[in-house]
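Working notes, structure below.
Proteins come first, then strands; the chains are lettered A, B, ... in the order of their sequence lines, and each starts at number 1.
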Number of protein chains: 2
Amino acid sequence: MRARASNPNFMNGVPELLILNLLQWREMYGYEIVDAIRQRSDAVLEVGEGVVYPVLHGLERDGVLKSHRRRINGRSRIYYSVTARGARHRAHLSQTWSSLTAAIQKILRGGQHGESVP
Amino acid sequence: MRARASNPNFMNGVPELLILNLLQWREMYGYEIVDAIRQRSDAVLEVGEGVVYPVLHGLERDGVLKSHRRRINGRSRIYYSVTARGARHRAHLSQTWSSLTAAIQKILRGGQHGESVP
DNA sequence: TCATTATACCTTGTAGTTCAAGGTATAGGG
DNA sequence: CCCTATACCTTGAACTACAAGGTATAATGA
């Protein structure tokens with residue numbers, strides 16, 4: 001019931017949705033994804049590493065992502081990219097998100113259901 | 001990581017948001033809320049009684065809702081309505097929802113971040 | 001030179017939430 | 001008289017986001 005201090009709920013499944021949509025364009029590594037989500041959302045969305053890494057591992061385990069290690073400036077990075085199955089999963093997830101938010105928006109707007117005055 | 005069979009995630013905090021926005025217009029009882037969510041969303045959103053009742057109890061405990069029992073056709077119903085504090089809470093929650101979905105949408109759309117072609 | 005910061009990976013435990021699957025009781029229709 | 005609809009409720013399980021840790025290397029700067 002109690003909203004959390006940082007992100008006030010609403011975030012269930014969202015990290016997975018965001019990650020898949022970021023990776024659809026080009027491969028990225030975990031640390032980069034954390035930054036990308038913060039920057040592209042103007043710091044509205046803050047998804048920590050403790051969220052991103054487990055999601056990446058889970059998606060790879062499920063065959064949605066694949067990874068390969070690369071060395072950049074003596075630094076080891078693990079780049080993730082979307083598999084064919086992952087592309088289908090991303091499309092399905094994004095559509096579900098659209099559908100749900102549209103339905104929610106409909107209720108938020110109210111209208112023609114007997115509400116007299118706000 | 002694994003999406004659930006029924007509602008594929010994305011539903012965290014949403015019942016609270018929906019309930020508060022429904023009750024902003026007129027008082028309703030639990031069973032009625034369950035039906036209203038299903039009907040107004042064209043069955044896209046399905047929030048069971050096992051979700052609605054605990055949320056109602058929690059919101060009343062927090063002073064966001066108040067309730068009174070009424071007898072209709074020999075049936076006992078518990079009607080809930082929004083308190084003054086609840087009205088503020090509803091406004092704040094709705095605004096957060098708008099802000100978050102806007103930020104998410106921005107990332108879903110992609111654009112100007114180095115993605116070559118879909 | 002040495003300490004600090006930034007990069008980059010990771011795991012653990014906790015708290016909160018949804019959900020299915022139950023349970024109780026009354027009213028009304030067939 | 002049974003079954004459905006109405007109307008309330010609780011429990012346990014599963015999942016998830018999150019904070020708070022931990023490791024190691026490169027670069028910065030004092």
Side-chain angles (χ1 to χ4, degrees), chain A residues 1-19 27-39 44-62 65 67-80 93 96 100 104, chain B residues 1-20 27-39 45-62 65 67-80 93 96 100 104:
Chain A
M1 214 59 38
R2 192 114 300 286
R4 290 184 216 120
S6 52
N7 274 319
N9 282 359
F10 297 146
M11 292 302 287
N12 221 304
V14 170
E16 180 177 336
L17 178 71
L18 294 178
I19 288 171
E27 60 176 17
M28 298 174 84
Y29 56 98
Y31 201 77
E32 184 185 14
I33 291 174
V34 171
D35 258 35
I37 291 177
R38 179 174 43 233
Q39 287 179 17
V44 172
L45 270 22
E46 303 254 15
V47 181
E49 301 170 56
V51 172
V52 167
Y53 286 116
V55 170
L56 288 173
H57 300 159
L59 291 178
E60 182 171 29
R61 176 179 49 75
D62 295 349
L65 298 181
S67 73
H68 62 99
R69 192 174 234 102
R70 192 185 300 174
R71 221 173 173 74
I72 306 279
N73 300 336
R75 279 236 151 70
S76 181
R77 294 174 178 169
I78 302 178
Y79 281 87
Y80 290 89
L93 224 56
T96 301
L100 285 181
I104 291 167
Chain B
M1 212 60 39
R2 192 113 302 282
R4 287 181 220 123
S6 51
N7 273 322
N9 283 357
F10 298 145
M11 293 300 288
N12 223 302
V14 170
E16 179 177 337
L17 178 71
L18 295 177
I19 288 172
L20 279 171
E27 61 177 16
M28 297 175 85
Y29 55 98
Y31 201 80
E32 184 185 14
I33 291 174
V34 171
D35 258 35
I37 291 176
R38 180 176 40 238
Q39 287 178 20
L45 270 23
E46 303 255 14
V47 181
E49 301 169 57
V51 172
V52 167
Y53 286 118
V55 170
L56 289 174
H57 300 158
L59 291 178
E60 181 171 30
R61 176 178 49 74
D62 295 350
L65 298 180
S67 72
H68 62 101
R69 190 172 235 103
R70 192 184 301 175
R71 226 175 169 69
I72 306 279
N73 301 334
R75 280 237 151 69
S76 181
R77 294 174 179 171
I78 303 177
Y79 282 85
Y80 290 89
L93 224 55
T96 302
L100 285 182
I104 291 166

When you measure from the side chain of B/Y80, which nucleotide among C/dC9, D/dC9, C/dT18 comes out closest? D/dC9
Among C/dT11, D/dT6, C/dT18, the nucleotide that comes nearest once only the side chain of B/R77 is considered: D/dT6
Between C/dT7 (C1') and A/R69 (CZ): distance, integer Å: 14 Å
Is any side-chain nitrogen or oxygen of B/Y31 closer than 4.0 Å to OP1 or OP2 of D/dC8? no
Just the rounded figure in Å: distance from P of C/dT18 to CD1 of B/I33. 14 Å
Under 4.0 Å between a side-chain N or O of B/Y29 and OP1 or OP2 of D/dC8? no
What nucleic acid atoms does A/R75 come within less than 4.0 Å of, heavy atoms only: base, sugar-phosphate, or nothing? base
Less than 4.5 Å apart, side chain to side chain, heavy atoms only: is that true for B/I104 and A/V44? no
Upstream residue (5' side of DNA chain C) when A/I72 and A/V51 are each assigned their closest nucleotide: A/I72
To the nearest Å, how far apart are A/L56 CG and D/dA17 P? 12 Å
Student check: side-chain heavy atoms of A/Y79 and A/I72 closer than 4.5 Å: yes
From CA spacing to verdict: side-chain contact (heavy atoms from CB on, under 4.5 Å), B/I33, B/L56: CA-CA 10 Å; B/I33 291 174; B/L56 289 174; 4.1 Å; yes
Classify the nucleic acid contact of A/E49 as base, sugar-phosphate or nothing, counting any heavy atom under 4.0 Å across all strands shown. base
A/N12 CG to C/dG16 C1', in whole Å, measures 10 Å
Looking for any heavy atom pair under 4.0 Å, which part of the strands does A/G50 touch: base, sugar-phosphate only, or nothing? base
What's the CD-C1' distance between B/E60 and D/dC8, to the nearest Å? 14 Å
Within this structure, what is the OH-to-C1' distance between B/Y53 and C/dT18, rounded to whole angstrom? 17 Å
Report the nucleotide, chosen from D/dC8, C/dC10, C/dT11, that has the shortest atom-to-atom distance to any side-chain atom of A/I78. C/dC10
Expressed in angstrom and rounded to an integer, what is the separation of B/R71 atom CZ from D/dT6 atom C1'? 13 Å
Taking the side chain as everything from C-beta on, heavy atoms only, tell me whether B/I19 gets closer than 4.5 Å to B/E16. no
Taking only side-chain nitrogens and oxygens of B/H57, does any of them come within less than 4.0 Å of OP1 or OP2 of D/dT10? yes
Protein-nucleotide distance (A/R38, atom CZ; C/dA6, atom P), rounded to Å: 12 Å
Nearest 0.5 Å, please: how far is CG in A/L18 from CG in A/L93? 10.0 Å
